[in-house]
Structure formats: structure tokens, C-alpha cells
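Below is one structure, written out as C-alpha cells, with a few remarks after it.
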2 protein chains.
Amino acid sequence: MTKKVLLKDIAKKAGVSTALVSYVLNGLEKEKRVGRDVVEKINKIAKELNYQPNQIARSLRSGKTKTIGLIIADISNPFSGQIARFIEGEAARLGYTVIIGSTDENSTKFSSLIDSMLYRQVDGLIMAPAEGSSQKIKKLVKEQVPFVFIDRYFPGISANHVVLDNYEATYNAVNYLIAHGRKNICLIIYKTLAVHMQQRILGYKHAMKDNGLEDNIIVKEIPRRSYFQVKADTEKNMDELFADKKMDALLFAANALSISGLYAIRKHKIKVPDELAVIGFDGHEVFDFFEPPIAYIKQPLEEMGTEAVRILVEQIKGVKKTVHTEVKHQFISRESGG
Amino acid sequence: MTKKVLLKDIAKKAGVSTALVSYVLNGLEKEKRVGRDVVEKINKIAKELNYQPNQIARSLRSGKTKTIGLIIADISNPFSGQIARFIEGEAARLGYTVIIGSTDENSTKFSSLIDSMLYRQVDGLIMAPAEGSSQKIKKLVKEQVPFVFIDRYFPGISANHVVLDNYEATYNAVNYLIAHGRKNICLIIYKTLAVHMQQRILGYKHAMKDNGLEDNIIVKEIPRRSYFQVKADTEKNMDELFADKKMDALLFAANALSISGLYAIRKHKIKVPDELAVIGFDGHEVFDFFEPPIAYIKQPLEEMGTEAVRILVEQIKGVKKTVHTEVKHQFISRESGG
DNA sequence: TAAGTTTGCTTAATCGTTTAAGCATACATT
DNA sequence: AATGTATGCTTAAACGATTAAGCAAACTTA
């Protein structure tokens, strides 16, 4: 790259010190009592030379990088991608740049991503923590790194988070199915102790119980691995499920599970919703194309993303209060629901 | 955040100067002839205090941030997301961090993203340039900013790029359709002069001509706008197309066009491939779920992403040679192809 | 023994900003 | 005339690392 224009260059050309130039370009000309003509001269020269301050130098001096670290499961997944997009947008609006890293739900990767981001002096973090990361998180809390959880959180740790009303989401979905005459509703969910998933299970179970259907509870747990693996595991589980035919509705508790399940339903040529009502999670174009279109629980991604950024920026600015935000799901009613 | 451990702290504790500490921690102990016992002491203390060098200070001194700027159309789009993922992975492997920005195909946003990234002193850029950005790009060339185009490029500008063999991709797809008995093949493409799209048009036209079908050429151009708009525009165009029934095959030249087109095909209840053969672009789960599954032209995203990073890092390290990489498409044959 | 070499360390400049502190000069006040 | 106070600027330290240059002391060599 060709040599950059520095404060010094402007100062030299204007015949003043760099301090004055800095004051003027940072809008401190009143406070620092800079002469009218000098202000004009400096502004003119800065524009002429197309001066851009070096953010690195600025960061070193100020201790702030105006950078946010975003740690998610996998940026190539549309759910993560969309939320990243909203986060990026809101961050830019507030003058922040975003660095993204994907964990693959692996706590080692998660940990080293955090290190590498702190190492780069990010001002704060927004993250969907991988399981088994609570030790790392406790360190962040102790070191007072500003951060916000998104989508998930750890129950024992008091930290900011923005999450879905997971319990209500499945509770309502189950009630919808029951209201449409379904009784044998199976929940397909990841095998994990993560709170957000446990909430979804609980919402399902309570809804079943509240309708006197506690004996009909069926939960199928799929290990959380690569997308490819999840698809295979889901298919196997579905094969078993379809074998005993008792079931008349399926509720998926996560996006990739929904897609995987739909592959299986399609393979078995199950008639939806006649034989089986289906409710998916998170939304996907595949839901539109399925015959019939799939009803689903929708997360307000834009709200979650922007809210997370706002909370984080508050924290970065020194607000101490811990914020727990629960956003409301939306139920997208479609034919598949029964 | 609590106070960080500095070189100075280690130096003080070890009773030596910061220079020695820096030498040791950077593995220069041999070259700089540091005493054995001092080396050990420094390493021990650094480990004890869990020292992490401040990258900002390092960057200011070295002029290198070990950061790559990635500018794409829209990170929430799976195509962009996947490529971003591969880029992120390869960059991390080479010690680089990635900053991502989305242009929405808007040249103003594109330009300000570049500014903001340079402003943050990225070492180089990987980008899918928006149309109408050639002036901005020429400046980058003049200022010798290392960069690599991905997916697209500007013909008048000699710069590094990694792109698909766009011409061959459509040429072969058309031949496939013709070999399967289709004669009235319509190409659905974005209305743009961008080279990569023009190459796809050319591949289509030449294939038609080479098979004596130049009189059957039909190209429908869809303005490139928001995804929502594209869907509406495509639907309108398809309505017209289906009205005159002459067509027996459709070739989509981009991913969003394919999805949009499939919505229309579905709406019109066209029988694929009996009434109409269909070939999509880029791949998508929707292609799997469509009845029948949609054949498509697949881009080797991993190869494109990693290759782009490698080329960029070479450039950052000072290699002057301009690299043009054309990666090979893959044709995924499915029932929809005829 | 004098000169040269090796060893092991320190000093201080540097990267490009920001900003506290200080220094003239001009003007106002008594 | 002496003092106070705006006004308008400069100087230099600081951020946290890297690294060229230099300085002693110990050891070789002729």
C-alpha cells in the first residue's frame, strides 16, 4: 500500500502542531479554543489529502477497538447467518465492526475463539456458547469482559442474555396441535442439557400434562453433531418412530432437526397432515416447498440481534446492570399443523 | 475488564528489561543471545501470569493487523455464508482473523465498507464487488491494497480473482438438456452487465448455437434487487413464459433465481420434468425437496474460499504476480434435468 | 598485555494517535 | 502600572509492543 496520510502531514502542511489537527478533526475546536482560520485550514487540508485516522493507533491510545466479537455455532447455517447480519447492521449503526467465529458446537474451538478475540482487544462479545464452556465463561465474568449470550445461556452464571421464550414456544405449539385433534405428539430435540433445549422440552411436557396427555409423551433425542450426522441420526430415529405408527404429530425443537425430519417424512411418503401433523422450528425455504407447507415456530431474529448489540454496547459503556431479555416467538400457522 | 498483564509486568518480576522479555517470548533467544536461566525465568513468569500480547500495540508497531476484510453480498444468504465459513477457517489456519461486511449489491455500501475496513488497517481484502464499483477498485489498485475478487471481477482491471468456469457451466448444462431431448431452453438470469453473468449467458448462447438452436434462444432478465423483489419479478416473468408454452426447459443462472423460479413452477403446477426440465444453480436444500429433485450446477465453495485466502496471504506477503484462478463447476444430475 | 571477540544485557526510538500541561501574547480590569 | 484572564498555540507523555544500537564484563587470541 502507498504511504498513508498522517496527522503529522496535515500539521506540517498547515504549519501547526499535530495536537491542533487532532482537536479540530475530533470536533474539539470550541473546547480547545482553536482559531477560526486555523480550523478552516485544517479541515480543508484534511479533505484535500483525504485523511483517514489510523484506528490501530487510536485504539492503542484509547484502549477501545470499537470491535465486537461474535461467536456462533456455524456462520454457514442460515439461522446464524441471518442473526449475524442483523448484528452486523446494528453494530455498524453504532460505530462498531464485527469479527465472526464459528464454534461447530465444540467447546475447545469456543474457548480458543474467545482467546483469539480478546487477544485482538475486542471491546465485547456476543456469543452462542457451546456446551461444556461454563468454566471459560466464568473466567470472562471474573475478568469483567462485557458480553451477551444469544439464543442460549448458562443457568448458574449471571450474565446478559437475549433468548427466545422457549418454554412458551413449545407449550403453545403443543396446544395448537392438541386443539387440532392430535393426541400422540412426539418431540424431536437435541440430546443436550443446555437450558434453552430443556425449556423447550418442559414447555412440551407441561402442555401435554395440562391436557391430560402425560402418558402420551414421546421425546426423541438426537445427538448434536455435524449437520450430516444429525440428518442420519434423525432419519434412523424417524424410521423407528414410523414403525409403531402410534404418533399423529411431530414437533421439531430446532431448525436442522426439522429439515432432517422432513427428509425422513418425505422418504416414508407420510401424508401430512392427514397421517401426521408437523410443526418445525426457525423457518426455512424448505418449509415453503414441502407439500403441504410446514407450520413453524419463528424466532424474531432481527429483534434478537439488534437487542444483543444494544445491550452489549451499554455494557461496554460501563452499565453494570445485568440484562435478561426474553423475546417472543411467533407461530406461523400452515397446513402441516393439522 | 481487569488490568491486563503487560510485558513490563513480566520484566519487572524477572528483574530484566522489556526487550529481553520480548525477545524470549518471540523465540529470538538464540539470535539475541539471552542467558539460559533468564530464558527459563521469563517463560515461567509469562506462563504464571498468563501473558497475552496486545495485538493492537503489535499491529501499530508492525503495520500488520493479521486481519482480512471479507466483503460479500449478504452473509445471511447460504451461498455467502458457506464461502465465508471456508474463508474464516483457512484464514484462522494461517493466523488471520476475518471481518465481514455485506453490500446488499449496493455500490455505496460496498465503497463505505472498504473504507471502514482500510480504516481498521486490514492487511487485505477478499470481495465480491457490487456493480458500479470499478472506480473504487481502481483506487485500491493504485494504492496497492492487496485484494482478491471472489465469484466476480471487473474485466478492465487486472486483479487477482477466484471465479467459476461460468461459461463452461452453462454451456455444459445446456448440452445436457439438449442431449435429453430439449430444444426450447430458456435462461433465467440477472439483468446485469457483470462479467460472470455475461459469461453464463454466453455459455448458454454458444451451446444453443452449436446445436443449431440459435433461433430458440430465450433469455429472461430479472433485475437484481432484494430477495423479496427478485421473487416477485421472477414470478411475473415466469407467468409470461408459461403463458406461451413453447418452452420445454429452464436453466437458472443464480441461486436466488432458482428458488424464486421454483416457487413459480410450483404455483403453476408444472410437471417437472415431463412438461419442463429444470436446472438450478449453486444448490440448496429446496432442490432436494422439490418433486422431483432439482439438478444443478454446483460451485466448489470450499476450494474457492481457501484458494482466495491463500492468494491473498501471498499478496500480503509481497508477491506481486496477479493470479487468476478459475475453478471447475460440478454438474449434479437429478431427475428434473429431463 | 593489548586488542579483539563473545556474551548478556539495557536504553531508547518507533508505530500514529490523544490529551494534559504549559507557554506566550493580547486584552481587560483595578 | 500591575495584575488577572482569555486566547491560541506547542510540547511531550502516553498507549504496549518491537528492535536497532550500544555498553559492560568476560573471555580469546596474538
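The analysis underlying the following values was restricted to heavy atoms, covering all of them including side chains, and did not include hydrogens, waters or symmetry mates. Protein chains get the first letters and strands the later ones, always in sequence-line order, with residue 1 at the start of each.
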- Numerically ordered, the residues 41-51 of chain B set in heavy-atom contact under 4.0 Å with DNA chain C is none
- Message: What I want to find out is whether B:K13 reaches B:E48 closely enough, with some N-O distance under 4.0 Å, to be called a salt bridge.
- Response: yes
- Note on the structure: From CD of A:Q121 across to C1' of C:dT17 the rounded distance in Å is 16 Å
- Message: Under 4.0 Å, heavy atoms only, any strand: does A:L7 hit a base, just the sugar-phosphate, or nothing?
- Response: base
- Message: From the set D:dG16, C:dT11, D:dT10, return the single nucleotide nearest to any side-chain atom of A:V16.
- Response: D:dT10
- Query: Any salt bridge between A:E314 and A:K317, counting N to O under 4.0 Å?
  - Reply: no
- Salt bridge between B:K136 and B:D115, side-chain N to carboxylate O under 4.0 Å? yes
- Going 5' to 3' through nucleotides 19-24 of chain C, assign each nucleotide B (protein heavy atom under 4.0 Å from a base atom), S (under 4.0 Å only from sugar-phosphate atoms) or - (no protein heavy atom that close). BB----
- Message: Can you measure B:K30 atom NZ to C:dG8 atom P for me and round it to whole angstrom units?
- Response: 11 Å
- Message: Tell me which pairs pass side chain to side chain donor-acceptor pair (under 3.5 Å) where either residue lies in residues 60-82 of chain A, with sequence neighbours left out.
- Response: A:T65-A:D123, A:D74-A:S76, A:D74-B:R85
- Message: I need the NZ-C1' distance between A:K4 and C:dG16, as an integer number of Å.
- Response: 12 Å
- Item | B:K139 bridged to B:E143 by N-O distance under 4.0 Å | no
- Trace of the side chain to side chain contact (heavy atoms under 4.5 Å, CB included) decision for B:F110 with B:I71: CA-CA 8 Å; B:F110 178 75; B:I71 300 181; 3.7 Å; yes
- Message: Closer than 4.0 angstrom, basic N to acidic O: yes or no for B:R310 and B:E303?
- Response: no
- Rounded distance (Å) that lies between atom P of C:dA12 and atom NZ of B:K8: 16 Å
- Message: In terms of relative ring orientation, are A:F149 and A:F154 parallel, tilted or perpendicular, with 30° and 60° separating the classes?
- Response: perpendicular
- Quick one: do B:E88 and A:S102 satisfy side chain to side chain donor-acceptor pair (under 3.5 Å)? Show the steps, please. CA-CA 8 Å; B:E88 182 206 315; A:S102 306; 3.2 Å; yes
- Item | Atom pair distance, as rounded to whole Å: CD in A:E29 and C1' in D:dT7 | 15 Å
- Would you kindly compare B:G15 and B:S62 by the position of their nearest DNA chain C nucleotide and give the one closer to the 5′ end? B:G15
- Distance test, side-chain N/O of B:R58 to OP1/OP2 of D:dG16, below 4.0 Å: no
